[in-house]
Colleague: 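Can you keep this structure in mind? I'll have questions shortly.
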Amino acid sequence: MTARIIDGNALAARVRGEIADRAAALSARGVQPCLAVILVGGNPASAVYVRNKVAACEKAGIRSLRFDYPEDVAQDVVMDRLAGLNADPAVHGILVQLPLPPQFDEAAVLEAIKVAKDVDGFHAENVGRLSQNQEAFLPCTPHGVMKMLEAEGVPLAGAEAVVIGRSNIVGKPMAMLLTNSGATVTVCHSRTCDLAFHTRRADILVAAVGKPRFVTGDMIKPGATVIDVGINRLPDGKLCGDVDFDSAKEVAGLITPVPGGVGPMTITMLLENTVISADRAARAAGK
Ligand code: NDP
């Protein structure tokens, strides 16, 4: 069997077209959606992510504000900036690019973002709402994965889903979203005994490990849907996922490539959250 490949670029382009239409309609009502992005330090991967997010905003007709700080900036300086952005009615979304340097209390920074502008969905209140299956800004990467599963018509209710990874930004919210959709979810991590025992039972397998080609074909149930969240840079400069695509595609039924899979959907969901926030602000202002 050779798996069908999920085209994340095509889906992202379609959804971004709809988002651009919504942004244009909001701008016509006098409320141009606006995302503020804060980048601290010179982490090259973070700089690329921020550049891509800002460029995607521009293409969708979303205004972006970018604030860059040196690696050794004091947390108070960033907190002051957040307070200003929280109070600014023209700003609808605020994103602090992670990771932050070690002098920062990451949780405190994330909680300083106004919940209504937390378009990354990392504020503890949004995380709590997600865990209670209430309306919330959903973290962009797992939300993008859910959109892909929905677009591909992958049955979720009653499915066995296995998530490898338990980070706050991918693994845990991914597991919560799948649980809320009726899947039976197993979360695996570095302390899991006999990982392959779990992955081989998965109808839906999500890999968010951060290790190149970690999941091999022999760990996959025939016909499974395999979602590769990983983005790893190889010594030759090329990108690869957490799944060994060549062996996995011979076993899986559906599979995402890297690049061109989950990555484009992550930014798309950020744009969508920003437009949702702007729409709420416009309604609240009677526009
Ligand atoms: P983290 O490093 O925060 O988490 C990795 C997880 O993998 C941890 O829970 C860890 O377990 C688990 N893990 C590590 N080694 C093993 C192992 N040998 N067996 C089983 N589990 C293991 O990474 P993130 O969640 O932030 O990101 C994961 C990947 O996704 C990365 O490649 C990242 O670049 C990518 N990413 C991609 C995005 C996109 O847009 N496509 C967005 C965000 C991230 P433990 O908790 O026990 O340490």
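Every number for a ligand or one of its atoms is a count from 1 in the order of the listing. Position 1 is the first residue of the sequence, and the numbers go up from there.
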Colleague: Please say whether Tyr49 places an N or O atom under 3.5 Å from an N or O atom belonging to ligand 1.
Modeller: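 N/O-N/O distance below 3.5 Å does not exist for this pair.
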Colleague: At the 4.0 Å heavy-atom cut-off, does Gly171 count as touching ligand 1?
Modeller: no
Colleague: Quick one: nearest non-hydrogen protein atom to atom 17 (C) of ligand 1, plus distance?
Modeller: Phe214 CZ, 3.5 Å
Colleague: I'd like to know if Lys147 pairs up with Glu18 as an ion pair, taking the criterion as any Lys NZ or Arg NE/NH1/NH2 lying under 4.0 Å from an Asp or Glu carboxylate oxygen.
Modeller: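 Looking at Lys147 and Glu18, the cut-off is not met.
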Colleague: Measure the distance from atom 31 (C) of ligand 1 to every protein heavy atom, then report the residue, atom name and distance (to 0.1 Å) of the closest one.
Modeller: Gly210 CA, 3.6 Å
Colleague: Going by heavy atoms, is Val229 under 4.0 Å from ligand 1?
Modeller: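 Val229: in contact with ligand 1 (<4.0 Å).
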Colleague: Which residue owns the protein heavy atom closest to atom 46 (O) of ligand 1, what's the atom, and how far is it?
Modeller: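 Result for atom 46 (O) of ligand 1: Arg166 NE, 2.8 Å.
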Colleague: Identify, for atom 27 (O) of ligand 1, the protein heavy atom at the shortest distance, and state residue, atom and that distance.
Modeller: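 So the nearest neighbour among protein heavy atoms is Val170 CG2, 4.3 Å.
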Colleague: Please confirm whether Ile164 comes within less than 3.5 Å of ligand 1 when only nitrogen or oxygen atoms on both sides are compared.
Modeller: no
Colleague: Are any of the N/O atoms on Ser167, whether in the backbone or the side chain, positioned under 3.5 angstrom from an N/O atom of ligand 1?
Modeller: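 The answer is yes, given that Ser167 and ligand 1 share an N or O pair closer than 3.5 Å.
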Colleague: Hey, looking at atom 26 (O) of ligand 1, which of Ile227, Ile169, Val209 has the closest heavy atom?
Modeller: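 Result: the heavy atom closest to atom 26 (O) of ligand 1 is in Ile169.
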Colleague: State whether a side-chain donor-acceptor pair under 3.5 Å links Thr216 with Ser247.
Modeller: no
Colleague: So which heavy atom in the protein is nearest atom 15 (N) of ligand 1, and how far is it from that ligand atom?
Modeller: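 Answer, as residue, atom name and distance: Lys211 NZ, 3.0 Å.
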Colleague: What is the closest protein heavy atom to atom 42 (C) of ligand 1, and at what distance does it sit?
Modeller: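 Heavy-atom neighbour on the protein nearest atom 42 (C) of ligand 1: Thr141 OG1, 3.2 Å.
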Colleague: Tell me which one of Gly261, Pro259, Ser190 gets a heavy atom nearest to atom 10 (C) of ligand 1.
Modeller: Ser190
